[in-house]
There are 2 protein chains.
Amino acid sequence: MHENVQQLNDYDAPTAFGPLTATVSYGLKRAYLRMIRDLEAALAPEGFTPPLLAALSIVVANPGIAPSRLAEAMGHGRSRAAPLLDRLEEMRLLAREAGADRRSLQLRATPAGAAMLARLEALLAAHERRITEGLSPEEASLLATLLEKVAREG
Amino acid sequence: MHENVQQLNDYDAPTAFGPLTATVSYGLKRAYLRMIRDLEAALAPEGFTPPLLAALSIVVANPGIAPSRLAEAMGHGRSRAAPLLDRLEEMRLLAREAGADRRSLQLRATPAGAAMLARLEALLAAHERRITEGLSPEEASLLATLLEKVAREG
DNA sequence: TATTGTTATACTCTATAACTATA
DNA sequence: TATAGTTATAGAGTATAACAATA
């Protein structure tokens, strides 16, 4: 049963992270994991996921954008756009329209899409407050700036 | 062919992000993506992936740790540990040893595992320098601190 | 009963290559 | 030939549930 010598391990809580301790690299991973889980949970009741929200946001902010430029803005290859657009079109939130160059498409949100995004913005704001709850407003703003610097240098 | 009116889109580069602009949430996603791709590329020549490195680091820093506590430290469920441990054991970098409570296992790195980690630390340091190249040392240190605050509140 | 480790399963994200239609 | 969009495929990461062994 229970004994005091039960644990022969030579470690104690909390668990140590070795060379990962206090690195930007592992901090990014841990913070990202916490963020994405909170966002997934916040969007699920609306039938949304983080990538769907990003795609809709970008289309609303850039009416007429082509799928390949959307994919580029989201940081991945062209082929990732198709299933996201299929889903958003299925939900009647956006439409793929033909342009003058018939190889290319122009993406536009429907009124329902714009309305949905407005609704999601409230969820997004609450999510942002949750993940920055341990930070002052100045720290949160600084964090966003530093993250953007890291992201841009790629 | 080429015409000046070719683009009827009412957007211009760079692409706008709408409500995602300047949020910690989307900044985290973008910075994480940049980081993880750099780390994957850095580790690939050694046959390693970021989760394998994290697992090995934590086992070396916590000799005798159990798989379930390793999984907890890495932020996911128990079942994720098994394939990572299979792989590391296959590589002869760690061993699963039986403890007093025979339900539980004690994980320990082999000498080869410790040597491998030492080698990986150099790659990790170079990786850390690359992803923080746009930041002063003070900013990088501050960023790591802020990220840890975000991660911990979960 | 509860806990540990494992297996099975499924879903998402991501990357690559190949196909089509247009230019 | 080059580009845009799509499809097919595969691999990795993650989550849940169920199982066997042990307590």
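The analysis underlying the following values was restricted to heavy atoms, covering all of them including side chains, and did not include hydrogens, waters or symmetry mates. First the proteins, then the strands, lettered A, B, ... as listed; each starts at 1.
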N or O in side chain of R78(A) less than 4.0 angstrom from dA4(D) OP1/OP2 = no

Whole-Å gap separating C1' (dA15(C)) and CD1 (I36(B)) = 15 Å

ask   = According to the interplanar angle, ranging from 0 to 90°, do the rings of Y26(A) and F17(A) count as parallel (below 30°), tilted (30 to 60°) or perpendicular (above 60°)?
value = tilted

ask   = Considering only heavy atoms and no angle criterion, is a donor-acceptor pair shorter than 3.5 Å present between the side chain of S79(A) and the base of dT16(C)?
value = yes

note = Note: for S104(B) and G75(A) on DNA chain C, the residue whose nearest nucleotide lies more 5' is S104(B)

ask   = Would you say a side-chain N or O of K29(A) is under 4.0 Å from OP1 or OP2 of dT14(D)?
value = yes

query = Under a 4.5 Å cut-off applied to non-hydrogen side-chain atoms, are R96(A) and R108(A) in contact?
reply = no

ask   = Taking CD from E72(B) and P from dT14(D), how many angstroms apart are they, rounded to a whole number?
value = 16 Å

Atom pair distance, as rounded to whole Å: CG in L105(A) and P in dA23(C) = 12 Å

message = Rounded to whole Å, how long is the line connecting atom CG of L53(A) with atom C1' of dT12(C)?
response = 16 Å

Closest nucleotide among dG5(C), dG13(D), dG5(D) to the P51(B) side chain = dG13(D)

Test log, rule salt bridge (Lys or Arg N to Asp or Glu O under 4.0 Å), inputs R78(A) and E72(A) = CA-CA 7 Å; R78(A) 281 175 296 168; E72(A) 184 186 17; over 6 Å; no

request  = Scan R102(B) against the nucleic acid and name what it touches under 4.0 Å (heavy atoms): base, sugar-phosphate only, or nothing.
outcome  = sugar-phosphate

query = For R80(B) and dG13(D), is the shortest distance between a side-chain N/O and OP1 or OP2 below 4.0 Å?
reply = yes

ask   = Looking at S68(B), does any N or O in its side chain come under 4.0 Å of the phosphate oxygens OP1/OP2 on dG5(C)?
value = yes

note = Between R87(B) and G77(B), whichever has its closest DNA chain D nucleotide further toward 5' is R87(B)

note = Here the distance between atom P of dT12(C) and atom CG of L43(A), to the nearest Å, is 14 Å

message = How many whole angstroms separate atom CD of Q106(B) from atom C1' of dG5(C)?
response = 14 Å

ask   = Has the side chain of R103(B) got a donor or acceptor that lies under 3.5 Å from a partner of the other kind on the base of dG5(C)?
value = no

Pair E133(A) + R152(B): basic N to acidic O under 4.0 Å = no

ask   = Starting at CZ of R96(B) and ending at P of dG5(C), how long is that distance when rounded to a whole Å?
value = 10 Å

query = 5'-most contact on DNA chain C: D86(B) or H76(A), nearest heavy atom basis?
reply = D86(B)

message = With side-chain contact (heavy atoms from CB on, under 4.5 Å) as the criterion, how do M91(A) and M116(A) come out once you've worked through the C-alpha distance, each side chain's angles and the decisive distance to 0.1 Å?
response = CA-CA 10 Å; M91(A) 294 175 169; M116(A) 173 63 93; 6.0 Å; no

inquiry  = Using OP1 and OP2 only, check whether a side-chain N or O of R37(A) sits under 4.0 Å from dA15(D).
reply    = yes

task = Select base, sugar-phosphate, or nothing to describe what L33(B) touches, counting heavy atoms under 4.0 Å on all strands.
result = sugar-phosphate

key: Nearest-Å distance for atom pair CZ/C1', residues R69(A) and dT3(D)   = 14 Å

request  = Could you check L107(A) against L85(A) for side-chain contact (heavy atoms from CB on, under 4.5 Å), going step by step and ending with a plain yes or no?
outcome  = CA-CA 9 Å; L107(A) 304 173; L85(A) 296 175; 3.8 Å; yes

